[in-house]
**Q** 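Would you mind keeping the following structure in view while I ask a few things?
Here is how names work: the chains are called A, B, and so on, in the same order as the sequence lines, proteins then strands, and each is numbered from 1.
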There are 2 protein chains.
Amino acid sequence: MMKLPGKTVERLSEYRRTLLECLNEKRNFIFSHDLAARLHITAVQVRRDLMLIGYSSVLRKGYDVRELIDTIGKIIDSEESMNVAVIGIGNLGRAVAGYFKGKRSKLNLVASFDNDPQKVNRVISGVKCYPYTDIERMIKELDIRIAILTVPPDFAREITEEAVRFGIKGILNFTTIPLNVPSGVYLEEYDMITSIEKVAYFVKENKI
Amino acid sequence: MMKLPGKTVERLSEYRRTLLECLNEKRNFIFSHDLAARLHITAVQVRRDLMLIGYSSVLRKGYDVRELIDTIGKIIDSEESMNVAVIGIGNLGRAVAGYFKGKRSKLNLVASFDNDPQKVNRVISGVKCYPYTDIERMIKELDIRIAILTVPPDFAREITEEAVRFGIKGILNFTTIPLNVPSGVYLEEYDMITSIEKVAYFVKENKI
DNA sequence: TGATTATTGTTAAATTATTAACATTGGTTT
DNA sequence: AAACCAATGTTAATAATTTAACAATAATCA
Ligand SMILES: NC(=O)c1ccc[n+]([C@@H]2O[C@H](COP(=O)([O-])OP(=O)(O)OC[C@H]3O[C@@H](n4cnc5c(N)ncnc54)[C@H](O)[C@@H]3O)[C@@H](O)[C@H]2O)c1
Ligand SMILES: NC(=O)c1ccc[n+]([C@@H]2O[C@H](COP(=O)([O-])OP(=O)(O)OC[C@H]3O[C@@H](n4cnc5c(N)ncnc54)[C@H](O)[C@@H]3O)[C@@H](O)[C@H]2O)c1
């Protein structure tokens with residue numbers, strides 16, 4: 001399977017989430033335009049994405065929900081589950097940890113790291129917090145591949161550099177500092193302020 | 001000024017954040033490639049974006065940091081400041097509120113709403129929490145335009161429908177439910193799980 | 001001063017992403 | 001069974017976004 005466009009990967013994740021909702025509703029088949037409507041995109045887009053992963057519908061009943069969930073899993077999940085850690089278990093870190101814990105079977109949140117003595121060696125939001133000084137050892141011991149970065153901006157660069165050196169292969173950066181990673185490490189950044197400013201801009205423009 | 005592409009608006013917000021950092025460092029001028037490097041994009045992209053907003057550099061010293069900050073503000077900020085509320089002041093809501101409070105001069109977080117009796121009528125993460133039942137009155141009284149939605153997924157649709165009816169013009173949706181809004185209302189959605197799954201996918205692919 | 005260099009703004013080209021078009025498939029209806 | 005229909009997979013067209021190319025400008029230097 002050739003590497004998929006990032007946008008398609010994002011949508012596959014969304015398809016799966018939506019399909020899981022379908023299962024809850026005891027819906028076993030779904031048409032492309034139905035799935036599309038739930039996500040407010042076009043049916044063509046759905047069909048095109050599914051074409052890229054080589055999934056075909058059955059009969060004229062639409063896509064087999066369960067089967068498609070599995071197929072998407074085969075594409076976007078890793079074979080064995082992948083371990084994730086939150087670095088900086090402050091306000092945002094706790095929210096993410098609490099939310100994430102136990103959500104995805106193939107992605108396990110196995111640790112958090114912090115340097116606040118009040119926090120280390122406790123279970124916070126369902127996940128054990130280790131002292132940051134142990135990060136090298138724990139990354140190796142727990143085979144952590146992905147880090148969610150929620151430390152104060154000033155520490156983001158240094159911590160990233162270290163985490164990568166110790167074996168982290170993917171970073172989701174919620175700090176406001178753009179990071180540098182060597183090739184071979186995948187970086188995804190999200191800046192809330194940017195999102196809100198974007199909303200504000202289009203609200204303003206609509207008014208005119 | 002014609003309506004700018006969403007991507008450009010996002011970057012303008014990022015440029016401004018970076019330029020504010022420059023001011024802190026007492027840097028008063030910056031070259032396009034410098035600004036680009038800090039954000040890990042290309043200099044051409046910076047120049048093209050600035051072209052779109054009609055900003056020109058001075059001399060061969062690069063862009064005047066202070067001036068560019070102002071220019072970007074004129075483009076993406078609204079004339080008078082715009083009021084924002086968080087709906088659902090749980091884990092994520094509190095993180096966002098605490099982070100956002102007092103960050104942007106033109107965007108004021110003026111209220112939060114919740115239906116938990118333990119939370120209403122208290123100041124939480126620096127912002128007053130009102131009972132959800134007062135939302136109609138408060139949106140009007142405080143002239144709230146933008147809502148950040150951090151309620152449990154099951155309530156997202158209904159709350160959105162009401163908020164829009166009461167005058168909300170922009171929504172930043174952090175719930176996992178895709179929302180429907182009428183035209184004239186701007187919607188931005190962000191799904192953390194999707195981001196993490198995307199990271200996991202590319203980590204997996206890199207390995208191969 | 002005149003050549004050189006660095007940096008810009010802008011047009012054009014390339015790339016990426018989305019949407020449209022349409023022939024195909026197999027069920028449904030008359 | 002013939003005509004019709006709904007939905008699909010795929011190719012082609014369109015639109016959006018990014019990158020490249022390059023002439024223009026002014027500072028620097030020999
Ligand atoms: N709260 C939000 O909604 C929000 C939104 C967007 C971005 N952010 C960004 O996310 C980051 C965290 O935000 P927050 O509100 O959770 O802040 P916070 O201060 O509540 O949390 C930061 C945590 O990092 C820990 N920490 C500090 N230095 C550390 C170090 N050197 N090593 C390990 N841990 C360390 C602190 O002890 C704390 O627990 C910030 O960079 C912020 O800009 C937050
Ligand atoms: N925590 C995260 O990092 C995270 C990440 C991604 C998405 N989300 C989404 O964000 C939302 C909130 O997550 P959370 O972790 O903060 O959950 P939470 O349960 O901590 O917070 C939800 C808040 O909404 C309030 N609420 C419930 N029903 C309400 C109603 N009808 N009207 C007004 N307020 C109501 C609750 O009292 C609570 O304070 C969820 O939809 C979740 O899927 C959270």
Side-chain angles (χ1 to χ4, degrees), chain A residues 1-15 18-19 22 27-65 67-68 71-72 75 178 188-189 194 198 201-202 205, chain B residues 1-15 19 22 27-65 67-68 71-72 75 178 186 188-189 194 198 201-202 205:
Chain A
M1 167 73 50
M2 125 214 111
K3 203 183 287 193
L4 299 165
K7 288 289 175 69
T8 295
V9 174
E10 286 178 20
R11 282 191 298 262
L12 288 174
S13 163
E14 286 160 11
Y15 297 156
T18 307
L19 292 165
C22 290
R27 248 177 164 293
N28 293 313
F29 289 89
I30 191 167
F31 294 128
S32 62
H33 59 259
D34 237 350
L35 183 50
R38 286 172 184 243
L39 289 161
H40 311 122
I41 58 176
T42 68
V44 190
Q45 184 120 74
V46 171
R47 297 207 299 273
R48 220 178 175 295
D49 285 333
L50 298 189
M51 187 196 89
L52 288 179
I53 65 170
Y55 183 74
S56 290
S57 72
V58 215
L59 314 163
R60 208 74 318 105
K61 292 153 75 182
Y63 302 98
D64 181 318
V65 173
E67 213 173 87
L68 184 47
T71 306
I72 292 177
I75 303 286
E188 176 84 11
E189 316 208 272
T194 293
K198 189 178 172 193
Y201 171 78
F202 284 108
E205 290 303 303
Chain B
M1 169 74 48
M2 122 216 114
K3 204 183 284 191
L4 298 166
K7 288 288 176 70
T8 295
V9 174
E10 285 178 21
R11 282 190 297 264
L12 288 174
S13 163
E14 286 160 9
Y15 297 158
L19 292 165
C22 290
R27 246 176 166 294
N28 293 314
F29 288 89
I30 191 169
F31 295 127
S32 62
H33 60 259
D34 237 350
L35 183 51
R38 287 174 184 241
L39 289 161
H40 310 122
I41 59 176
T42 67
V44 189
Q45 184 123 71
V46 171
R47 298 206 300 271
R48 223 184 170 292
D49 285 332
L50 298 188
M51 187 195 87
L52 287 179
I53 65 170
Y55 183 76
S56 290
S57 71
V58 218
L59 314 162
R60 207 78 314 110
K61 291 154 76 183
Y63 301 99
D64 180 320
V65 174
E67 213 173 89
L68 183 48
T71 305
I72 292 176
I75 304 284
Y186 184 82
E188 176 85 11
E189 315 207 274
T194 294
K198 190 177 171 195
Y201 170 78
F202 284 108
E205 289 304 303

**Q** With heavy-atom distances below 4.5 Å as the criterion, would you say the side chains of A:Ile41 and A:Tyr15 are in contact?
**A**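 Sidechains of A:Tyr15 and A:Ile41: in contact.
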**Q** Using a cut-off of less than 4.0 Å, is there contact between a side-chain N or O of B:Ser32 and OP1 or OP2 of C:dT8?
**A**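 Answer is yes, contact under 4.0 Å.
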**Q** Report the distance from atom SG of A:Cys22 to atom CZ of A:Phe29, rounding to the nearest 0.5 Å.
**A**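 The SG atom of A:Cys22 sits 12.5 Å away from the CZ atom of A:Phe29.
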**Q** Phosphate oxygens OP1/OP2 of C:dG9: is one of them under 4.0 Å from a side-chain N or O of B:Tyr63?
**A**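 So the side-chain polar atoms of B:Tyr63 do come within 4.0 Å of the phosphate oxygens OP1 or OP2 of C:dG9, strictly under.
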**Q** Going by modelled atom types, is there a donor-acceptor pair between the base of C:dT19 and the side chain of A:Arg48 at under 3.5 Å?
**A**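 Answer is yes: a donor-acceptor pair is held.
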**Q** Touch check for B:Thr8, heavy atoms < 4.0 angstrom, all strands: base, sugar-phosphate only, or nothing?
**A**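 The residue B:Thr8 makes no contact with any strand.
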**Q** Once you round it to whole Å, what is the distance between C1' of D:dT14 and CD of A:Gln45?
**A**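 Rounded to whole Å, this separation is 14 Å.
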**Q** Tell me whether the side-chain N or O atoms of B:Arg47 pair up with the base of C:dT7 as donor and acceptor below 3.5 Å, since no angle test is needed here.
**A**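 No, the side chain and the base share no sub-3.5 Å donor-acceptor pair.
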**Q** Please determine if a side-chain N or O atom of A:Thr42 lies less than 4.0 Å away from the OP1 or OP2 oxygen of C:dT18.
**A**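 Indeed not, no polar side-chain atom of A:Thr42 lies that close.
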**Q** Between P on C:dG9 and CG on B:Leu50, what's the gap in Å once rounded to a whole number?
**A**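 It works out to 7 Å between those atoms.
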**Q** Would you say a side-chain N or O of B:Arg11 is under 4.0 Å from OP1 or OP2 of D:dT18?
**A**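 Answer yes for this pair, as a side-chain N or O of B:Arg11 is under 4.0 Å from OP1 or OP2.
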**Q** Let me confirm one number: the CG-CG distance from B:Leu68 to B:Leu19, rounded to the nearest 0.5 Å.
**A**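 So the CG of B:Leu68 and the CG of B:Leu19 are separated by 5.0 Å.
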**Q** Among A:Glu188, A:Glu14, A:Glu189, which one satisfies salt bridge (Lys or Arg N to Asp or Glu O under 4.0 Å) with B:Lys198?
**A**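 That would be A:Glu188.
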